[in-house]
Asker: 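Okay, here's the structure, questions in a sec.
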There are 2 protein chains.
Amino acid sequence: MSARQELAQEGDRPETVFLMLEGWAMRYTVMPEGGRQVLAFLMPGDFCNFHVTLLAEMDHSISAITPGLVAAIPRAQVTRLCESTQNLQRAFWWSQLVDEGVLRSWISSLGRRNSHERVAHLMCELYVRAHNIGLTRQDGSCEMPVSQLVLADALGLTPVHVNRVFRKFRLDNVLTIGRGRLIINDIDKLVQIAGFQGNYLHRRLRTAA
Amino acid sequence: MSARQELAQEGDRPETVFLMLEGWAMRYTVMPEGGRQVLAFLMPGDFCNFHVTLLAEMDHSISAITPGLVAAIPRAQVTRLCESTQNLQRAFWWSQLVDEGVLRSWISSLGRRNSHERVAHLMCELYVRAHNIGLTRQDGSCEMPVSQLVLADALGLTPVHVNRVFRKFRLDNVLTIGRGRLIINDIDKLVQIAGFQGNYLHRRLRTAA
DNA sequence: CGCAATTTTGAGGAATGTCAACCTTTGTGG
DNA sequence: CCACAAAGGTTGACATTCCTCAAAATTGCG
């Protein structure tokens, strides 16, 4: 995929399931007056539109952020795979449930955190997710190929305000963002500002009773 | 269940899956500073904590709003049911995916709608969901046993502000809320204010290709 | 090098929050 | 059936966060 390529549009009934292999993408909706709300960031390993195996149509759009690579799997094949392999189905389902946890965490952020907490929390989440798939460096930095405009659309803030929050974090030596990279200078302070607890990312699977 | 009864707490590893039969409940989280964010309203037909069949622990709490009735199904039995009956598993999964659509819609509301649009949108959603399960009257009213305080915690607003929005809606003859009931006076105006489109509730299932 | 996108900064305004009081309804026990 | 308490709803005055608009500075890219 190339940067900004549309992978699926609201209302589509795609016949292909996309699995992210390289690069970043995002889910988003466009409001009647033209505003945009980002609903999720997609990283390697994430399914873009697993829904289409069961739901009639896309209720949101998906767009690439960076150039990258996606696996395009015919819908019917995914369905067949699910039906044949119990373990695989479980795995897909688990991944779905984790996604739900992330969505709930975003709701908490948007509803009950102020702009600083909100930005800090999103940075924590993206860093941890990047770390989980081996996309962080030893020095506490990771790729963050997302413009402040897009971050603002994810955080329910304006780009201007997001920029001011980042400035404050930079001056306070909490983190530095720029040139497509996030550098965390003081992880403890960041976690504390965010009130971050990673439990909603559900790294552990329920084991048999 | 009795009103305000806790059905599950964040961090729990319940051995029972709850299915709502009568009454209303809610998912919610408590923020470090004590604020509460409601994540979902649960009505008859909704699973409270299907997650526990696969995920290690609850990442949020669930509490009854009204007195009511829940079916408590042993976790192992749900798992067995899923593994034995392909169609049932599909149905559960579908329901999970619909829930996800609702979560995404809440994110859009919290991120990109002002207080009036937000309140209007939630009222639309709850009315439609109540209608889907036969809990509305001919006169365009439905039960709404939710205090403005709880609504505020769902909408990411303060109770005071929610109250002001309701007052405006009442004066503008859009809707009336009170005594545990929502009366919609002008559905067209309400839908227009909310920018409501029901597609995210995914009433239609994907049919075989 | 020059254009386009993005980031940064400032000034002023609007939406929503905070605090505090009062009112209304509902339920309870005498 | 009344008195009271508790919960929830309503209103006002004022504060603050975040937004809007506008422009300048910087960066990325062909």
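As the structure is a computational prediction, the values presented were derived from the model and not from experiment. Residue numbering restarts at 1 for every chain, and letters A, B, ... go by the order of the sequence lines.
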Asker: Which nucleotide sits closest to the side chain of Arg4(A): dT6(C), dG8(D), dT27(D)?
Answerer: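 Between dT6(C), dG8(D), dT27(D), the one nearest the side chain of Arg4(A) would be dT6(C).
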
Asker: Atom pairs, N/O to N/O, protein against nucleotides 10-12 of chain D, distance under 3.5 Å?
Answerer:
{"from": "dT10(D)", "atom 1": "OP2", "to": "Gln148(B)", "atom 2": "NE2", "distance (Å)": "3.1"}
{"from": "dT10(D)", "atom 1": "OP2", "to": "Asn163(B)", "atom 2": "ND2", "distance (Å)": "2.5"}
{"from": "dT10(D)", "atom 1": "O5'", "to": "Asn163(B)", "atom 2": "ND2", "distance (Å)": "3.4"}
{"from": "dT11(D)", "atom 1": "OP2", "to": "Arg167(B)", "atom 2": "NH1", "distance (Å)": "3.2"}
{"from": "dT11(D)", "atom 1": "O5'", "to": "Arg167(B)", "atom 2": "NH1", "distance (Å)": "3.4"}
{"from": "dG12(D)", "atom 1": "N7", "to": "Arg164(B)", "atom 2": "NH2", "distance (Å)": "2.7"}
{"from": "dG12(D)", "atom 1": "O6", "to": "Arg164(B)", "atom 2": "NH2", "distance (Å)": "3.3"}

Asker: Side chain of Ser147(B) only, please: which of dG9(D), dT16(C), dC18(D) is the nearest?
Answerer: dG9(D)

Asker: What's the NE2-P distance between His161(A) and dT16(D), to the nearest Å?
Answerer: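 Taking NE2 of His161(A) and P of dT16(D), I get 15 Å after rounding.
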
Asker: Between Val162(B) and Arg179(B), name the one whose nearest nucleotide on DNA chain C is closer to the 5' end.
Answerer: Val162(B)

Asker: Would you tabulate the side-chain donor-acceptor contacts of residues 171-180 of chain B under 3.5 Å, counting partners in other chains and residues two or more places apart, or write 'none'?
Answerer:
{"from": "Asp172(B)", "atom 1": "OD2", "to": "Lys168(B)", "atom 2": "NZ", "distance (Å)": "2.8"}
{"from": "Thr176(B)", "atom 1": "OG1", "to": "Asn185(B)", "atom 2": "ND2", "distance (Å)": "2.9"}

Asker: Would you say Thr79(A)'s side chain and Arg75(A)'s backbone share a donor-acceptor pair under 3.5 angstrom?
Answerer: yes

Asker: Using 30° and 60° as the class boundaries, would you call the ring planes of His51(A) and His60(A) parallel, tilted or perpendicular?
Answerer: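 Rings of His51(A) and His60(A): perpendicular, as their planes differ by over 60°.
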
Asker: Parallel, tilted or perpendicular, judged at 30° and 60°: which one describes the rings of Tyr200(B) and Phe196(B)?
Answerer: perpendicular

Asker: For Gly156(B), report the nucleic acid contact type (base, sugar-phosphate, nothing); a contact means any heavy atom under 4.0 Å.
Answerer: sugar-phosphate

Asker: His116(A) has an atom NE2; how far is it from atom C1' of dT17(D), in whole Å?
Answerer: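 Roughly 10 Å, once rounded to whole Å.
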
Asker: Once you round it to whole Å, what is the distance between P of dC18(D) and CZ of Arg118(A)?
Answerer: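 My rounded result for the distance is 7 Å.
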
Asker: With rounding to the nearest 0.5 angstrom, report the SG to CE distance, Cys142(B) to Met123(B).
Answerer: 8.5 Å

Asker: Using a 4.0 Å cut-off on heavy atoms, which residues in residues 105-115 of chain B reach DNA chain C? List them by number, or say none.
Answerer: Asn114(B), Ser115(B)

Asker: Would you sort out whether Ser108(B) and Met31(A) count as a side-chain contact (heavy atoms from CB on, under 4.5 Å), showing the intermediate values?
Answerer: CA-CA 8 Å; Ser108(B) 300; Met31(A) 312 302 285; 4.2 Å; yes

Asker: Which value, rounded to the nearest 0.5 Å, describes the distance between Asn199(B) atom CG and Leu201(B) atom CG?
Answerer: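 Between Asn199(B) CG and Leu201(B) CG, I get 8.0 Å after rounding to 0.5 Å.
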
Asker: dG9(D) C1' sits how many Å from Met144(B) CE, rounded?
Answerer: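 Atom-to-atom, Met144(B) to dG9(D), this comes out as 16 Å.
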
Asker: Between P on dC18(D) and CG on Leu157(A), what's the gap in Å once rounded to a whole number?
Answerer: 7 Å

Asker: Between atom CG in Asp153(B) and atom P in dG17(C), what is the gap in whole Å?
Answerer: 11 Å

Asker: Would you please classify the geometry between the Phe47(A) ring and the Phe92(A) ring as parallel, tilted or perpendicular, with 30° and 60° separating the classes?
Answerer: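 Rings of Phe92(A) and Phe47(A): perpendicular, as their planes differ by over 60°.
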
Asker: Give the ring-plane orientation class for Trp93(B) versus Phe50(A), where under 30° counts as parallel, over 60° as perpendicular and anything between as tilted.
Answerer: parallel

